[in-house]
Protein chains: 2
Amino acid sequence: MNDYAEQAQLFKALAHPVRLQILDILRRGAECVCHMEAVLKKRQAYISQQLMTLRDAGLVDSRKDGLNVFYFLVDPDALLPLLEIALGPLEDASRHQLRECVCPHCEAVVVAQN
Amino acid sequence: MNDYAEQAQLFKALAHPVRLQILDILRRGAECVCHMEAVLKKRQAYISQQLMTLRDAGLVDSRKDGLNVFYFLVDPDALLPLLEIALGPLEDASRHQLRECVCPHCEAVVVAQN
DNA sequence: ATACTATATTCAATATTAGGAATATGGAAT
DNA sequence: ATTCCATATTCCTAATATTGAATATAGTAT
C-alpha cells in the first residue's frame with residue numbers, strides 16, 4: 001500500500017460525523033462507551049460499531065476497567081494536530097474534566113464519591 | 001449541516017488515493033489536466049471525475065487557458081496545513097517547476113521554447 | 001447458578017462509491 | 001462549417017459502507 005492509499009484510509013476513517021464527534025471526545029482523554037452514549041445520544045450498538053471502525057483504522061484502542069470499557073487515542077501526538085485543524089483548538093471550557101462518565105449510568109458513582 | 005458533518009464531508013473528499021495525489025500535485029501550483037494525466041498514468045475521463053468530486057467539495061477550481069484547463073486549490077491557506085500533515089512537507093526537489101505541462105503533449109512546447 | 005449490565009457482533013436492507021466504456025461539449029484551427 | 005482536441009458527463013455494474021434490529025458475550029453482583 002503506497003502512501004496515498006494509506007493516508008486515504010486514514011481520511012476515510014475520519015470521514016464520518018459520528019466518528020469525528022467520538023474523536024472530539026477522546027482527544028480530551030479516555031472515555032467509556034456509556035459516556036459517549038450519553039453525549040452522542042445514539043444507541044450503544046451503533047457507537048460500538050463506529051468504535052470498531054476507528055479501532056480497525058488504528059486510531060483508537062480500548063482497555064477494560066471494571067464494568068466499563070475505556071477508549072483512547074492510540075497516537076495522540078500524530079492525531080491531535082489533525083484534529084485541531086479539523087475541529088478547532090481544544091477549549092478548556094469544553095473539556096469533560098471528570099475521569100468518570102457523566103452519563104446517567106455513571107453519574108451516580110461520581111456523586112457518591114463527593 | 002453541523003460542524004462534524006461539514007468536516008466529515010471534507011475528509012470524504014480527501015479519502016481517496018488518486019484525489020490525494022491530485023492535491024499533492026496542485027499544492028505545488030496550478031496544473032492542467034493533461035499534466036495530471038501524465039503524472040497519474042490514468043485515463044483522462046477518470047481524472048476528470050475525481051476533479052469533479054474535488055470541485056464539488058469546494059477544494060479546487062479551474063480556469064481555462066487556451067486549450068488547457070488549469071486546476072488550482074481554492075483555499076491554499078486552509079488546505080496546505082492539512083496536506084502537510086497528510087503528505088509530509090513540500091520538498092523543493094519534488095516540485096514541478098515548469099508552468100507548462102511536462103506530459104507528452106506539452107513537452108514539445110517546452111522544448112520548443114529553449 | 002441466576003440475573004444484570006456494559007459492550008460486541010451478526011444480519012439484513014439500503015445507500016453510496018469506484019471505476020470503466022461510451023458519448024457529449026465547447027473552443028480553436030482550418 | 002467542419003474537424004480536432006482537451007476536457008466533461010452519463011450510464012452502468014461490482015464492491016463497499018451505513019445503520020438499525022436482534023442477539024451474543026463476558027464480567028459482576030446476588
Side-chain angles (χ1 to χ4, degrees), chain A residues 4-5 8-22 25-26 30-57 60-72 100-109, chain B residues 4-5 8-22 25-26 30-57 60-72 100-109:
Chain A
Y4 294 116
Q9 280 302 115
L10 166 63
F11 284 130
K12 192 178 278 191
L14 296 174
H16 190 289
V18 169
R19 292 197 291 272
L20 276 182
Q21 199 173 357
I22 288 174
I25 291 169
L26 294 183
E31 293 287 2
C32 68
V33 179
C34 72
H35 181 88
M36 304 180 208
E37 210 177 335
V39 175
L40 305 183
K41 295 188 174 59
K42 303 275 184 188
R43 285 179 311 106
Q44 172 271 320
Y46 178 56
I47 292 168
S48 204
Q49 283 173 355
Q50 302 302 344
L51 285 170
M52 180 170 41
T53 299
L54 290 172
R55 188 154 20 84
D56 289 350
V60 308
D61 203 353
S62 60
R63 91 182 98 79
K64 192 141 207 197
D65 183 5
L67 271 184
N68 300 310
V69 174
F70 281 75
Y71 277 81
F72 53 90
E100 300 78 10
C101 300
V102 293
C103 65
H105 302 124
C106 310
E107 208 163 18
V109 180
Chain B
Y4 295 116
Q9 280 302 114
L10 166 63
F11 284 130
K12 191 178 277 190
L14 295 174
H16 190 289
V18 169
R19 291 198 290 272
L20 277 182
Q21 198 172 357
I22 288 174
I25 292 169
L26 293 184
E31 292 287 3
C32 69
V33 178
C34 71
H35 182 88
M36 304 181 208
E37 208 177 335
V39 174
L40 304 183
K41 295 188 174 58
K42 302 276 183 186
R43 285 179 311 107
Q44 172 271 320
Y46 179 54
I47 293 169
S48 204
Q49 282 173 358
Q50 303 303 342
L51 285 170
M52 180 170 41
T53 300
L54 290 172
R55 189 153 20 85
D56 289 349
V60 308
D61 203 351
S62 60
R63 91 181 97 79
K64 191 139 205 198
D65 183 6
L67 271 185
N68 300 309
V69 175
F70 280 76
Y71 277 82
F72 53 90
E100 301 78 11
C101 302
V102 294
C103 66
H105 301 126
C106 309
E107 208 163 18
V109 180

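Naming convention: chains lettered A, B, ... in sequence-line order (proteins, then strands); numbering from 1 in each chain.
- Each of B/Arg55 and A/Leu67 was matched to the nucleotide of DNA chain D holding its nearest heavy atom; the match closer to the 5' end belongs to B/Arg55.
- Atom P of nucleotide D/dA6 and atom NE2 of B/His35 are separated by 16 Å, given to the nearest angstrom.
- Using a 4.5 Å cut-off on side-chain heavy atoms (C-beta onward), B/Cys34 and B/Asn68 make contact.
- Between B/Ile25 atom CD1 and B/Leu40 atom CG the span is 4.5 Å, to the nearest 0.5 Å.
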Check nucleotides 17-26 of chain D for protein N or O atoms closer than 3.5 Å to its own N or O atoms and list the pairs.
from, atom 1, to, atom 2, distance (Å)
D/dT19, OP2, A/His16, NE2, 2.5
D/dT19, OP2, A/Tyr46, OH, 2.9
D/dG20, O6, A/Gln49, NE2, 2.9

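- Put simply, the side chain of A/Arg19 never gets that close to the backbone of A/Leu54: no donor and acceptor are under 3.5 Å apart.
- Residues B/Val18 and B/Tyr46 are in side-chain contact: their nearest non-hydrogen atoms beyond the backbone lie under 4.5 Å apart.
- Residue A/Val69 has its side chain nearest to C/dA8 when only C/dA8, D/dA8, C/dA6 are considered.
- In this structure, CZ of A/Arg63 is placed 16 Å from C1' of C/dA6, rounded to the nearest angstrom.
- Atom C1' of nucleotide C/dA18 and atom CG of B/Leu20 are separated by 15 Å, given to the nearest angstrom.
- Between the CE atom of B/Met36 and the CD atom of B/Gln50 there is a distance of 11.5 Å, given to the nearest 0.5 Å.
- Atom CD1 of B/Ile22 and atom P of C/dG19 are 12 Å apart (whole Å).
- Two residues are said to be in side-chain contact when any heavy atoms from C-beta on lie closer than 4.5 Å; A/Asp61 and A/Arg55 meet this criterion.
- Between the P atom of D/dT9 and the CG atom of B/Leu51 lies a distance of 10 Å, rounded to the nearest Å.
- Taking atom CE of B/Met52 as the reference point, atom P of C/dT25 lies 15 Å away to the nearest angstrom.
- We find that CG of A/Asp56 is positioned 12 Å from C1' of C/dA8, with the value rounded to whole Å.
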